Amino acid sequence: MTDWELRQAAARGEVTPISLAGWLRIAGRSLGLIVLLLVFVPLHYLYRIFAYGSPFPMLFLRYAARVCGARVEVVGTYLKRDVFFVANHISWIDILAMAGASGTAFVAKAELATAPVVGWLASLNRTVFVKREHRMGVAEQINALKEALVDNWSVTVFPEGTTTDGQSLLPFKTSMLSVLEPPPPGVLVQPVILDYGPVAEWIGWIGEEGGLNNAKRVLSRKGSFKVRLHYLEPFSPEDFKGRKAIANESRRRIEEALIEIRGHPLRPFAHTVAPVRYEPKPETAD
């Protein structure tokens, strides 16, 4: 099967066949991640005995991205504090790349908190876990976001609510931007584009593919790949009335820049995503 055929099979939920060389790469990269954990986790807890704001989660994620094959390149200048990053979303590699570059915390769906190992690692980086349908807990979640801004100086949200293929951009959900209504004093919004270039569709976690299959497929890939983080011009949420206006402005800037990077219009996303109530148009479905 060609790479494209393997990718399509994975999106349909079929288990991707992996060669012996692929399994060896998975084993080598997994060992590398274990070594990083053994080095940085004890350093993190030791540091926390004497001071707050450990740098070791950021360093772990930075090197973890490299172990997984990502070569991260920062384009533009990211704000270091009092900033809400709003980004498109393609893969779990996004988290390694962005946190490794800037130390940002993230807003993630509540299900991630209970995931083995991943949930624990996410909590080390002060991830804010939210429930999409937990209407009664909105105020509590907003307070958690405010605390994360104070502790980490920056928080990243993926308002599409799911991962795509790098060639599409879904409507932005505004619930995760509730903390900006009204905006905390001095906080800016900075749109960010995650650009995987020609491997975006291979890396992307889309369709019916399971998380374990995606991780195995990515870790078995030969060689490295570039991830460019394009930090766009920040803007003040004070200039836009309400979270919907803030989300629309963020999406407009990301879409315009993404079209310029791609050199062609974006295409409709071809997969149903029930949790965010997205249905592709009939002519774009597989």
Side-chain angles (χ1 to χ4, degrees), residues 3-4 7-8 11 65 70-79 83-98 101-102 104 106-107 154 156-177 180 188-207 218 225-237 239-240 242-273 276-286:
D3 282 353
W4 176 249
R7 185 68 193 84
Q8 292 297 93
R71 300 296 179 263
V72 179
E73 178 183 336
V74 174
V75 181
T77 303
Y78 62 83
L79 299 179
V83 59
F84 225 68
F85 295 127
V86 178
N88 63 318
H89 199 12
I90 297 170
S91 166
W92 51 272
I93 296 286
D94 300 353
I95 294 173
L96 305 184
M98 289 193 69
S102 68
T104 182
F106 292 88
V107 177
S154 64
T156 297
V157 296
F158 300 113
E160 290 171 286
T162 189
T163 47
T164 63
D165 54 11
Q167 310 294 327
S168 312
L169 194 65
L170 296 182
F172 279 10
K173 301 297 180 182
T174 64
S175 58
M176 290 183 180
L177 298 177
L180 300 176
L188 297 178
V189 174
Q190 186 167 24
V192 184
I193 293 175
L194 287 123
D195 174 24
Y196 288 76
V199 304
E201 290 187 83
W202 172 261
I203 297 296
W205 181 6
I206 60 175
V218 171
F225 53 91
K226 276 192 175 182
V227 183
R228 289 187 174 90
L229 306 179
H230 297 263
Y231 289 89
L232 307 182
E233 192 68 24
F235 65 89
S236 173
D239 297 335
F240 299 87
R243 65 178 189 261
K244 290 186 178 180
I246 295 169
N248 289 339
E249 178 63 14
S250 299
R251 191 183 186 283
R252 182 189 68 79
R253 294 186 183 207
I254 289 173
E255 182 176 17
E256 286 182 0
L258 195 52
I259 290 173
E260 184 176 349
I261 291 167
R262 288 277 169 268
H264 56 74
L266 303 183
R267 67 189 184 202
F269 193 52
H271 300 272
T272 297
V273 189
V276 297
R277 299 183 180 88
Y278 176 81
E279 290 280 348
K281 296 180 180 178
E283 63 270 23
T284 67
D286 291 337

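In this chain, residues are counted from 1 in sequence order. Computed from a predicted structure; not experimentally measured.
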*Asks:* Supply the atom-to-atom distance Asn88 CG to Leu170 CG, rounded to the nearest 0.5 angstrom.
*Replies:*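 One gets 10.0 Å once the value is rounded to the nearest 0.5 Å.
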*Asks:* Side chain to side chain contact (heavy atoms under 4.5 Å, CB included), that's the test. Do Ile246 and Phe235 meet it? Break it down for me.
*Replies:* CA-CA 9 Å; Ile246 295 169; Phe235 65 89; 4.3 Å; yes
*Asks:* Write down the atom of Pro159, the atom of Val86, and the distance for their closest heavy-atom approach.
*Replies:* CG-CG1, 3.5 Å
*Asks:* So do the side chains of Ile93 and Tyr196 get within less than 4.5 Å of each other, counting heavy atoms only?
*Replies:* yes
*Asks:* Please find the pair of heavy atoms, one from Glu279 and one from Thr272, that lie closest to each other, and give the distance.
*Replies:*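 Looks like OE1-OG1, 3.2 Å.
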*Asks:* Would the distance check show the side chain of Gln190 and the main-chain N or O of Leu232 forming a donor-acceptor pair, the cut-off being under 3.5 Å?
*Replies:* yes
*Asks:* Do side-chain atoms of Tyr78 reach the backbone of Ala101 as a donor and acceptor pair under 3.5 angstrom?
*Replies:*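 Judged by distance alone, yes, a pair lies under 3.5 Å.
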*Asks:* Can you confirm whether Phe269 sits close enough to Ile206 that some side-chain heavy atom of one is under 4.5 Å from a side-chain heavy atom of the other?
*Replies:*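 Touching, per the 4.5 Å side-chain cut-off.
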*Asks:* Determine the minimum heavy-atom distance between Phe172 and Ala247, stating which atoms define it.
*Replies:* CD2-O, 3.6 Å
*Asks:* For residues Val276 and Gly161, report the shortest heavy-atom separation together with the two atoms involved.
*Replies:*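 Between these two residues, the closest heavy atoms are CG1-O, 3.7 Å.
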*Asks:* Out of curiosity, Glu255 CD to Glu260 CD, how far, rounded to the nearest 0.5 Å?
*Replies:* 13.0 Å
*Asks:* Calculate, to the nearest 0.5 Å, the distance between atoms CG and CG belonging to Leu79 and Leu188 respectively.
*Replies:* 6.0 Å
*Asks:* Can you find a heavy atom in the side chain of Phe84 that is under 4.5 Å from one in the side chain of Pro237?
*Replies:* no
*Asks:* Check the pair Tyr231 / Met98 against side chain to side chain contact (heavy atoms under 4.5 Å, CB included), numbers first and verdict last.
*Replies:* CA-CA 11 Å; Tyr231 289 89; Met98 289 193 69; 4.2 Å; yes
*Asks:* Search all heavy atoms of Leu177 against all heavy atoms of Arg243 and return the closest pair with its distance.
*Replies:*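 So the two residues come closest at O-CB, 3.7 Å.
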*Asks:* What's the separation between atom CG in Leu194 and atom NE2 in His230, rounded to the nearest 0.5 Å?
*Replies:* 9.0 Å
*Asks:* Could you tell me whether the side chain of Lys226 and the main chain of Gly197 form a donor-acceptor pair under 3.5 Å?
*Replies:*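 Answer holds: no.
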*Asks:* Does any non-hydrogen side-chain atom of Trp92 lie less than 4.5 Å from one of Val218?
*Replies:*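 Result yes, sub-4.5 Å side-chain heavy-atom pair found.
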*Asks:* So do the side chains of Pro234 and Val83 get within less than 4.5 Å of each other, counting heavy atoms only?
*Replies:*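 The answer is no, as the side chains (C-beta and beyond) never meet within the 4.5 Å cut-off.
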*Asks:* Kindly determine whether Val192 and Thr156 satisfy side chain to side chain contact (heavy atoms under 4.5 Å, CB included), including the steps that lead there.
*Replies:* CA-CA 9 Å; Val192 184; Thr156 297; over 6 Å; no
*Asks:* Side chain of Arg251, backbone of Glu160: donor and acceptor closer than 3.5 Å?
*Replies:* no
*Asks:* Roughly how far, to the nearest 0.5 Å, is the CD1 atom of Ile203 from the CG atom of Asp94?
*Replies:* 10.0 Å
*Asks:* Between NE2 of His271 and OG1 of Thr164, what distance do you get to the nearest 0.5 Å?
*Replies:* 10.0 Å
*Asks:* Indicate yes or no for a side-chain donor-acceptor contact from Gln167 to the backbone of Arg267 under 3.5 Å, with no hydrogens or angles considered.
*Replies:* no
*Asks:* Thinking salt bridges, do Glu249 and Arg252 make one under a 4.0 Å N-O criterion?
*Replies:* yes
*Asks:* At their closest point, which heavy atom of Leu96 faces which heavy atom of Ala65, and how far apart are they?
*Replies:*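 It is CB-CB, 3.8 Å.
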*Asks:* Verify the distance criterion only: is there a donor paired with an acceptor across the side chains of Ser168 and Asp165 at less than 3.5 Å?
*Replies:*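 Their side chains do contain a donor-acceptor pair, which is all the 3.5 Å distance test asks for.
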